[in-house]
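Everything on this sheet refers to the single structure shown next.
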Amino acid sequence: MNIEATLKDDIRQAIQECFQTSVEDIILQPTKKEFEGFYTFVTFPLTKALRRPPIEIGQTIGSYLTGHSSVVAGFNVVQGFLNISLKNTTWLDLLSSISTNPNHGSFPANGQSVMVEFSSPNTNKPLHLGHLRNNFLGSSVARILSANGYDVVRTCLVNDRGVHICKSMLAYRELGNGETPETSGLKGDHLAGKYYVEFDKEYKRQTKELVAQGMGEEEAAKKAPWILEAHELLRKWEQGDAETVALWQKMNGWVYEGFNETYNKIGVSFDKTYYESDTYLLGKDIIEEGLQKGVFYQKEDGSVWIDLTEEGLDQKLVLRGDGTSVYITQDLGTTELKYQDFHNDRYIWVVGNEQDYHFNVLFAILKRLGRPYAEGCYHLSYGMVDLPTGKMKSREGTVVDADDLIREMYDTAESRTRELGKIEDFNSDEAKQLYHTLALGALKYYLLKVDPKKRMLFNPEESIDFQGHTGPFIQYTYARVRSILRKAEQAGLQAVVPTDYASVHPAEQEVIFYLSQYPSRVRAAGEEFAPSIISLYAFELAKVYNQFYAELSIFSDPDPKAVQLRIALSAAVAETIRHAMALLGIDVPEKM
RNA sequence: GGUCCCGUAGCUCAGCUGGAUAGAGCAUCUGCCUUCUAAGCAGACGGUCACACGUUCGAAUCGUGUCGGGAUCACCA
């Protein structure tokens with residue numbers, strides 16, 4: 001049952017019957033804690049149309065509802081606020097319908113398909129904290145959309161070519177001495193990253209040397225031997241030079257092994273991976289098409305442009321004078337390819353907000369070109385992750401490495417768990433599994449609880465907190481509920497909602513109320529591409545359950561109906577927490 | 001300089017399609033384990049919602065301006 005829809009219908013009917021006025025949108029809000037009731041209808045907006053004072057409107061509607069609505073038990077009016085309480089039977093019906101619905105929080109297929117592209121790593125360095133936010137956001141959004149009924153395709157576009165890749169290749173060739181992940185003991189992506197850093201060191205040294213010899217800084221940056229060599233390497237790669245391609249394949253292979261290890265660890269996977277080395281030449285035919293359609297124009301030097309000043313953007317280059325692609329050219333081509341491959345109704349790019357402008361341009365061009373998928377494109381623009389010391393900068397070595405971070409979270413989970421000593425009966429594998437579950441739960445929750453659009457601060461001390469508004473708090477609540485349910489099972493007690501339970505306790509009502517809110521939260525999270533809505537909800541649900549847990553005893557209540565109801569309530573909470581956390585990509589433990 | 005985003009408690013964040021005395025968590029302080037897991041619960045403390053003006057019965061929320069922070073404006077990706 002959808003309690004909100006029922007209430008809205010009843011209120012609409014009340015207004016129609018009492019005032020002979022029809023109102024389209026009825027807006028309900030949850031009643032604030034200090035007032036009695038669960039739903040509040042604000043009557044101020046009706047005063048003009050009904051020409052009655054807000055209190056009178058509230059009284060009239062309230063009386064009508066009490067007499068006619070199947071779900072309203074009573075009401076109170078404070079100023080223009082009509083606070084509505086629900087019938088005891090309504091609470092039981094609500095819980096019953098939630099308990100018996102195995103798909104609470106999942107919607108049926110909507111016939112629409114969506115592609116979510118995320119992660120998109122560069123193969124010259126290991127994943128860092130920023131990538132983690134991206135990965136967690138992308139895979140969570142994919143799950144949330146799936147729960148909303150979409151057919152979801154998860155894709156990754158690997159940036160595996162370009163001058164930055166050649167830089168690490170060059171440094172490795174010159175300084176590597178044939179080092180491999182095996183001989184060095186370094187994870188493949190870290191090994192490549194090491195040579196990217198080595199390149200930068202040597203490049204800086206060379207630049208400085210040239211400046212010391214009297215060259216201008218800008219010129220020196222362009223003429224340092226290694227940068228020239230890196231560009232030469234890129235040319236060779238593009239020409240398919242066997243030796244260069246072999247080195248590129250070898251190093252990228254190492255990097256992919258490293259990435260896969262990390263992806264497995266964090267539970268991220270893709271349905272399809274695109275490689276820029278395959279797609280970087282795409283898009284040129286679209287440029288040709290745009291020229292013919294008059295969407296683009298060509299300058300004397302042969303470069304191709306689009307004038308987007310009407311859209312509030314600028315003139316933008318879409319093809320270089322020498323006929324080679326730029327970023328936007330590739331993206332036009334890759335988007336076309338994605339459409340040809342999957343024919344999705346919607347396309348979502350999970351990319352940081354420093355690329356807002358790029359996506360505005362991309363989407364504007366797609367619209368100008370009249371692409372059928374243009375309207376369905378969306379840039380899920382998320383904010384940067386800052387450190388207490390400021391912005392992360394890879395060149396300055398202030399990045400938080402993903403593998404290191406996961407390791408630290410694991411260690412924290414282990415020591416915290418050992419201190420509490422609650423899992424003495426676990427064998428070593430079970431214990432490791434738990435530490436991993438907690439470590440990732442804490443990390444994912446920390447990064448997903450904030451509105452994706454907003455820049456956020458990563459505070460290392462706060463991130464390893466397992467109390468309060470954290471993943472482990474919710475996991476703990478789940479483990480506690482599971483413990484209750486195991487006990488109930490042993491006692492042969494069924495999780496069935498009694499139909500004749502005399503009076504549902506306020507603490508029980510509170511939990512049922514939150515349970516009933518879940519589907520609309522999943523809906524909202526899907527519409528706004530915001531896992532934070534689910535994060536916040538899971539926390540709130542855990543919190544009200546813990547309050548209920550502290551206030552009422554489940555097994556020692558003399559009323560067997562109460563015991564029955566509370567077990568059913570607990571089972572519904574466990575299932576909803578598990579479902580919500582799964583949407584965030586977070587596992588929940590049976591015991592902790 | 002143009003464009004865009006942000007500014008809410010000491011800190012991190014909710015709330016923003018206008019509604020009640022602005023909410024959580026952390027930190028600080030006080031209670032609660034002979035009863036289902038205390039990674040918990042209850043309470044205290046803590047606010048000029050950056051500032052100003054405007055719209056409105058009503059503004060943290062909408063509009064304009066100011067200040068402060070960030071991003072972006074490459075024939076880089």
Side-chain angles (χ1 to χ4, degrees), chain A residues 25 27 29 31-35 40 42-45 47-48 54 78-81 83 120 122 159 161-164 276 280 299 301-305 312-314 316-322 324-331 352-358 360-361 381 383-384 386 388 391 413 416-417 419-420 422-423 438 442 446 449-451 453-459 461-463 465-477 479-488 532-533 535-536 539-540 542-543 545-556 566-567 570 591-592:
Chain A
D25 286 338
I27 296 169
Q29 53 185 359
T31 303
K32 300 201 103 185
K33 272 183 203 145
E34 57 264 46
F35 300 98
T40 294
V42 183
T43 62
F44 288 110
T47 51
K48 263 186 194 156
V78 182
Q79 298 169 52
F81 300 91
N83 302 319
S120 310
N122 290 347
N159 181 218
R161 64 162 287 280
V163 74
H164 51 295
E276 233 178 70
Y280 81 106
K299 289 191 177 173
D301 64 359
S303 60
V304 181
W305 296 72
L313 304 164
D314 306 310
K316 186 78 191 167
L317 176 104
V318 294
L319 194 71
R320 290 195 187 99
D322 63 5
T324 58
S325 302
V326 290
Y327 183 34
I328 199 93
T329 326
Q330 293 178 39
D331 255 4
N353 63 8
E354 76 271 15
Q355 294 197 32
D356 283 355
Y357 182 76
H358 170 76
N360 283 336
V361 170
S381 161
M384 297 292 99
D386 285 328
K391 208 186 158 178
R416 206 62 54 88
T417 304
E419 278 166 30
L420 293 172
K422 292 184 183 180
I423 58 159
L438 295 178
Y446 188 86
K449 72 176 172 180
V450 181
D451 184 338
K453 293 191 289 293
K454 293 193 177 166
R455 166 179 279 272
M456 69 173 288
L457 183 83
F458 183 85
N459 185 330
E461 285 170 31
E462 201 180 283
S463 71
D465 211 331
F466 285 8
Q467 291 169 353
H469 191 186
T470 66
F473 167 88
I474 302 165
Q475 291 173 317
Y476 170 72
T477 306
R480 249 190 355 185
V481 188
R482 286 299 305 154
S483 171
I484 293 280
L485 296 174
R486 279 193 299 272
K487 191 173 168 181
S532 57
I533 291 175
S535 308
L536 191 65
F539 174 65
E540 287 169 348
K543 215 170 142 55
Y545 183 82
N546 282 329
Q547 286 162 355
F548 153 84
Y549 182 94
E551 190 171 345
L552 299 173
S553 170
I554 293 172
F555 295 106
S556 59
R566 288 169 195 171
I567 292 169
S570 299
K591 193 175 168 188
M592 67 184 272

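Lettering follows sequence order; numbering is per chain, from 1. From a predicted model like this one, the values you see are computed outputs, not experimental measurements.
Nucleotides B:G15 and B:A9 are separated by 14 Å at their C1' atoms, to the nearest Å. Between B:A27 and B:A44, the distance separating the two C1' atoms is 14 Å to the nearest Å. Going from the C1' atom of B:C45 to that of B:G2 covers 47 Å, rounded to whole Å. B:C33 and B:U28 are spaced 23 Å apart, taking the C1' atom of each and rounding to whole Å.
Residue-to-nucleotide contacts include no donor-acceptor pair under 3.5 Å from the side chain of A:S532 to the base of B:A14. One can find a donor-acceptor pair under 3.5 Å joining the base of B:C75 and the side-chain atoms of A:D301. You won't find any donor-acceptor pair under 3.5 Å spanning the side chain of A:D314 and the base of B:A74, going by distance alone.
Here A:E354 pairs with nothing under the salt bridge (Lys or Arg N to Asp or Glu O under 4.0 Å) rule; sequence neighbours left out. Partners of A:R566 by salt bridge (Lys or Arg N to Asp or Glu O under 4.0 Å), not counting sequence neighbours, listed by chain and number: A:E508, A:D557. Under the side-chain hydrogen bond (donor to acceptor under 3.5 Å, both in side chains) criterion, A:T324 pairs with A:R320, A:D322, not counting sequence neighbours. For A:F44, the ring pair (Phe, Tyr, Trp, His ring centres under 6.0 Å) partners at least two apart in sequence or on another chain are A:F81. By the side-chain hydrogen bond (donor to acceptor under 3.5 Å, both in side chains) test, A:Q467 pairs with no residue at all, sequence neighbours left out. Annotation: side-chain hydrogen bond (donor to acceptor under 3.5 Å, both in side chains) contacts of A:S381 (sequence neighbours excluded): A:D356. In this structure A:R416 satisfies the side-chain hydrogen bond (donor to acceptor under 3.5 Å, both in side chains) test with no other residue, sequence neighbours excluded. A:Y446 pairs by the ring pair (Phe, Tyr, Trp, His ring centres under 6.0 Å) definition with A:F458, not counting sequence neighbours.
Between the side chain of A:T47 and the main chain of A:T43, no donor-acceptor pair closer than 3.5 Å is present. Between the side chain of A:K316 and the backbone N or O of A:V361 there is no donor-acceptor pair closer than 3.5 Å.
Taking for each of A:I27 and A:E540 the nucleotide of RNA chain B with the nearest heavy atom, the 5'-most of the two is the partner of A:E540.
Here A:T324 lies out of heavy-atom contact (under 4.0 Å) with every strand. Using a 4.0 Å heavy-atom distance criterion, A:S556 is classed as making no nucleic acid contact. At a threshold of 4.0 angstrom between heavy atoms, the contacts of A:F555 include nucleobase atoms, whether or not backbone atoms are also involved. Residue contacts for A:Q547: at a heavy-atom cut-off of 4.0 Å it reaches the sugar-phosphate backbone alone, with no base atom in range. Using a 4.0 Å heavy-atom cutoff across all strands shown, A:L438 reaches at least one base atom of the nucleic acid. Within the nucleic acid shown, A:T477 has no heavy atom closer than 4.0 Å to any nucleic acid atom. Looking at heavy-atom distances under 4.0 Å, A:D25 makes no contact with the nucleic acid at all. Heavy atoms of A:L536 sit under 4.0 angstrom from primed sugar atoms or phosphate atoms, though from no base atom. As judged by a 4.0 angstrom heavy-atom cut-off over every strand, A:G321 is placed among the base-contacting residues. Across all strands shown, A:L552 has heavy atoms under 4.0 Å from base atoms, whether or not it also approaches the sugar-phosphate.
Judged purely by distance below 3.5 Å, without hydrogens or angles, the side chains of A:N546 and A:R480 pair a donor atom with an acceptor atom.
By the stacking rule of 5.5 Å between ring centres and under 30° between planes, A:F81 stacks on the base of B:A20. Evaluation of A:Y476 against the base of B:G40 yields no stacking contact (centre distance < 5.5 Å, interplanar angle < 30° required).
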Show the distances under 3.5 angstrom between N or O atoms of the protein and N or O atoms of nucleotides 22-31 of chain B.
unit_1	atom_1	unit_2	atom_2	d
B:G23	OP1	A:K32	NZ	3.3
B:G25	OP1	A:K543	NZ	2.9
B:G25	O2'	A:H469	N	3.1

Nucleotide N/O of nucleotides 68-71 of chain B paired with protein N/O under 3.5 Å:
unit_1	atom_1	unit_2	atom_2	d
B:G70	O2'	A:R455	NH2	2.6

Can you tabulate the close N/O pairs, meaning under 3.5 Å, that link protein atoms to atoms of nucleotides 55-65 of chain B?
none

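For CD1 of A:I27, the number of neighbouring non-hydrogen atoms (other residues, nucleotides, ligands) closer than 6.0 Å is 12 at most. More than 12 heavy atoms of other residues, nucleotides or ligands sit less than 6.0 Å from atom CD of A:E34.
Atom-to-atom, CG of A:L457 to C1' of B:G10 comes out at 14 Å; the value is rounded to the nearest Å.
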Show the numbers, then the answer: is there a salt bridge (charged side-chain N to carboxylate O under 4.0 Å, His left out) between A:K299 and A:D301?
CA-CA 5 Å; A:K299 289 191 177 173; A:D301 64 359; over 6 Å; no
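The closest side-chain heavy-atom distance from A:N353 to A:M384 is below 4.5 Å.
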Reading RNA chain B 5' to 3', how would its secondary structure be written in dot-bracket notation, given Watson-Crick and G-U pairs with both distances under 3.5 Å, brackets [ ] for crossing pairs and | for partners on other strands?
((((((((.[[[[.)...(...]]]].(((((.......))))).....[[[[[..)....]]]]])))))))....
